[in-house]
Amino acid sequence: MPELPEVETTRSGIEPHIKSRQVTEVLVRQPRLRWPVPADLPAHVQGQVVESVTRRGKYLLLNFGNGTVLLHLGMSGSLRMVAASQPAGKHDHIDFIFDSGTCLRLKDPRRFGAVLWAGPDPLNHKLLINLGPEPLSDSFTGEYLRKRAIGRAVAVKNFIMNGRTVVGVGNIYANEALFAAGISPTRSAGKISLKRYLLLAAAIKRILAEAISRGGTTLKDFVGGDGEPGYFKQQLNVYGRAGQGCVNCGAILKEKRLLDRSTVYCGFCQR
DNA sequence: ACGAAGCCCTGCAAGC
DNA sequence: TGCTTGCAGGGCTTCG
């Protein structure tokens, strides 16, 4: 599934192909995504020129002179640049066709993604306005986490997966970052020391930054073909390894469900 | 205000 | 082989 590194790699992959290009047509084959694609979205976008492609959390923003398209890939979404003449596959729900003859095509089999029209002030859109800091920004620190966690009983894994705390930390990276920081995923957020939050913030930054830098080489082909950009196959120490040995101590990794999400951890290395 | 459950959806794997 | 069943999960929304 697209995690923040994949979304950022998608952003940097598509921007050169659509920036300064004019949209000639928007085709919505399947409007039933996470929310219905607004019926007037094509009318807003057609004829407009892409000024930039930016990202906020896992949302992609196609910025036009008259407003912004918010785009979320959900669990199974992907974007590719294809020739507008290329036949659409079963789950190719939306095309943005450009004056260059190329087409930005959204494929999303499970339809957990979203495509919305946000108007000219997208950061104040209700989906974005309450989002926490970007994990790779200077405002995301261990001190910040500790401060926000005061008095919170929620499990720390759920705390860091909450977009109001910090954006872009999905289930896989939450598992991996907590392992790297030696913190039990079930520990109450309010009962973790500043020292350990410093480790956790650093782990989140390091893991995401590594994935993004690797994405630049492993996921760069957004053009042509009828495939789709494959997501990173990265080194995972705990996620998907329940029942196997801890890479640190060899103990059998345990699995629990937190908020109905698979949670894998080492009962010895994580406290 | 907080925390947890519910919900949207379909590809895939496992079981019969 | 072909069906049925269960599972996966981002994150907004609702409920207690």
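The basis for the numbers below is simple: all heavy atoms, side chains too, and nothing from hydrogens, waters or symmetry mates. Chain A is the first sequence line, chain B the second, and so forth, proteins listed ahead of strands; every chain is numbered from 1.
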Engineer: Under a plain distance cut-off of 3.5 Å, with no hydrogens placed, do Ser78(A) and Asp108(A) share a side-chain donor-acceptor pair?
Structural biologist: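 Per modelled atom types, Asp108(A) and Ser78(A) side chains form no pair under 3.5 Å.
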Engineer: Pick the nucleotide of DNA chain B nearest each of Gln30(A) and Gly151(A); which residue has the one closer to the 5' end?
Structural biologist: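 Closer to the 5' end of DNA chain B: Gly151(A).
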Engineer: Going by atom types alone, do Thr24(A) and Gln46(A) pair a side-chain donor with an acceptor below 3.5 Å?
Structural biologist: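 Their side chains do not contain a donor-acceptor pair, so the 3.5 Å distance test is not met.
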Engineer: Rounded to the Å, how far apart are Leu33(A) CG and dC8(B) C1'?
Structural biologist: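 From Leu33(A) CG to dC8(B) C1': 11 Å.
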Engineer: Taking only residues two or more places apart in sequence, or in another chain, which ones meet Asp121(A) in a side-chain hydrogen bond (donor to acceptor under 3.5 Å, both in side chains)?
Structural biologist: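 Asp121(A): side-chain hydrogen bond (donor to acceptor under 3.5 Å, both in side chains) contacts with Asn124(A).
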Engineer: Can any side-chain N or O of Glu15(A) pair as donor or acceptor with the backbone N or O of Val53(A) at less than 3.5 Å?
Structural biologist: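 Checked: pair present.
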Engineer: Which angle, to the nearest 10 degrees, lies between the helix axes at the two ends of the helix from dC2(B)-dG16(C) to dC16(B)-dG2(C), each defined by five pairs?
Structural biologist: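 Axis-to-axis angle, ends of the helix: 50°.
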Engineer: Rounded to whole angstroms, how far apart are NZ on Lys157(A) and C1' on dA4(B)?
Structural biologist: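 In whole Å, dA4(B) C1' and Lys157(A) NZ are 14 Å from each other.
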Engineer: Could you please name the option among dC9(B), dG11(B), dG3(B) that lies closest to any side-chain atom of Ala153(A)?
Structural biologist: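 So the side chain of Ala153(A) is nearest to dG3(B).
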Engineer: Figure out the NE2/C1' separation between His72(A) and dC9(B), and round it to whole Å.
Structural biologist: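 Result: 15 Å.
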Engineer: Starting at CZ of Arg148(A) and ending at C1' of dC2(B), how long is that distance when rounded to a whole Å?
Structural biologist: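 Computing the Arg148(A):CZ to dC2(B):C1' distance gives 12 Å.
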Engineer: Give the intermediate values and the outcome of side chain to side chain donor-acceptor pair (under 3.5 Å) for residues Asn175(A) and Thr263(A).
Structural biologist: CA-CA 6 Å; Asn175(A) 277 295; Thr263(A) 305; 4.7 Å; no
Engineer: May I have the distance from Arg32(A) (atom CZ) to dC9(B) (atom C1'), rounded to whole angstrom?
Structural biologist: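 Roughly 9 Å, once rounded to whole Å.
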Engineer: Which side-chain N or O atoms in residues 178-187 of chain A pair as donor and acceptor under 3.5 Å with protein atoms at least two apart or in another chain?
Structural biologist:
| unit_1 | atom_1 | unit_2 | atom_2 | d |
| --- | --- | --- | --- | --- |
| Ser184(A) | OG | Thr186(A) | N | 3.4 |
| Ser184(A) | OG | Thr186(A) | OG1 | 3.1 |
| Arg187(A) | NE | Arg271(A) | O | 3.4 |

Engineer: Have a look at Tyr59(A) and say if it touches a base, only the backbone sugar-phosphate, or nothing, with a 4.0 Å heavy-atom cut-off.
Structural biologist: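 It contacts sugar-phosphate atoms only.
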Engineer: Quick check for you: name the first and last nucleotides of DNA chain C, 5' to 3', having an atom under 4.0 Å from a heavy atom of chain A.
Structural biologist: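 Extent of the interface on DNA chain C: dA8(C) to dT13(C).
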Engineer: Please give the remaining members of the hydrophobic cluster of Leu61(A), linking ILVMFWY side chains under 4.5 Å, ordered by chain and number.
Structural biologist: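 Direct or chained contacts put Leu61(A) with Trp35(A), Tyr59(A), Leu70(A), Leu116(A), Leu123(A), Leu127(A), Leu128(A), Leu131(A), Val167(A).
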Engineer: Go nucleotide by nucleotide along DNA chain C from the 5' end; which of Ser262(A) and Leu127(A) gets its closest nucleotide reached first?
Structural biologist: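 Between the two, 5'-proximity favours Ser262(A).
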Engineer: Starting at CG of Asn158(A) and ending at P of dA4(B), how long is that distance when rounded to a whole Å?
Structural biologist: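 After rounding, the gap between these two atoms is 7 Å.
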Engineer: Through direct or indirect side-chain contacts below 4.5 angstrom among Ile, Leu, Val, Met, Phe, Trp and Tyr, which residues connect to Leu27(A)?
Structural biologist: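 Under the 4.5 Å side-chain rule, Leu27(A) groups with Ile97(A).
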Engineer: In terms of side-chain heavy atoms, does Lys19(A) have a donor or acceptor partner in Ser52(A) at a distance below 3.5 Å?
Structural biologist: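 Their side chains do not contain a donor-acceptor pair, so the 3.5 Å distance test is not met.
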Engineer: Need to verify one output field. Residue with the more 5' nearest nucleotide on DNA chain C, Gly163(A) or Glu255(A)?
Structural biologist: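 Taking each residue's closest nucleotide, the earlier one in sequence belongs to Glu255(A).
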Engineer: With nearest nucleotide decided by heavy atoms, which residue, Ala155(A) or Arg110(A), maps closer to the 5′ end of DNA chain B?
Structural biologist: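 Nearest nucleotide further toward 5': that of Ala155(A).
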Engineer: Counting any heavy atom closer than 4.0 Å, what does Arg257(A) reach on the DNA or RNA strands: base, sugar-phosphate only, or nothing?
Structural biologist: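 Arg257(A): backbone/sugar contact only, no base atoms under 4.0 Å.
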Engineer: Categorize Arg111(A) for me: base, sugar-phosphate, or nothing, with a 4.0 angstrom heavy-atom threshold over every strand shown.
Structural biologist: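 Sugar-phosphate, no base atom in range.
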Engineer: Round to a whole Å and report the spacing from CG of Leu258(A) to C1' of dA4(B).
Structural biologist: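 The distance from CG of Leu258(A) to C1' of dA4(B) comes to 11 Å, rounded to the nearest Å.
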Engineer: Okay, side chain of Asp95(A), backbone of Arg105(A): is any donor-acceptor separation there less than 3.5 Å?
Structural biologist: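 A pair under 3.5 Å: no.
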Engineer: If I take atom NE2 in residue His93(A) and atom P in nucleotide dC9(B), what distance separates them, rounded to the nearest angstrom?
Structural biologist: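 My rounded result for the distance is 11 Å.
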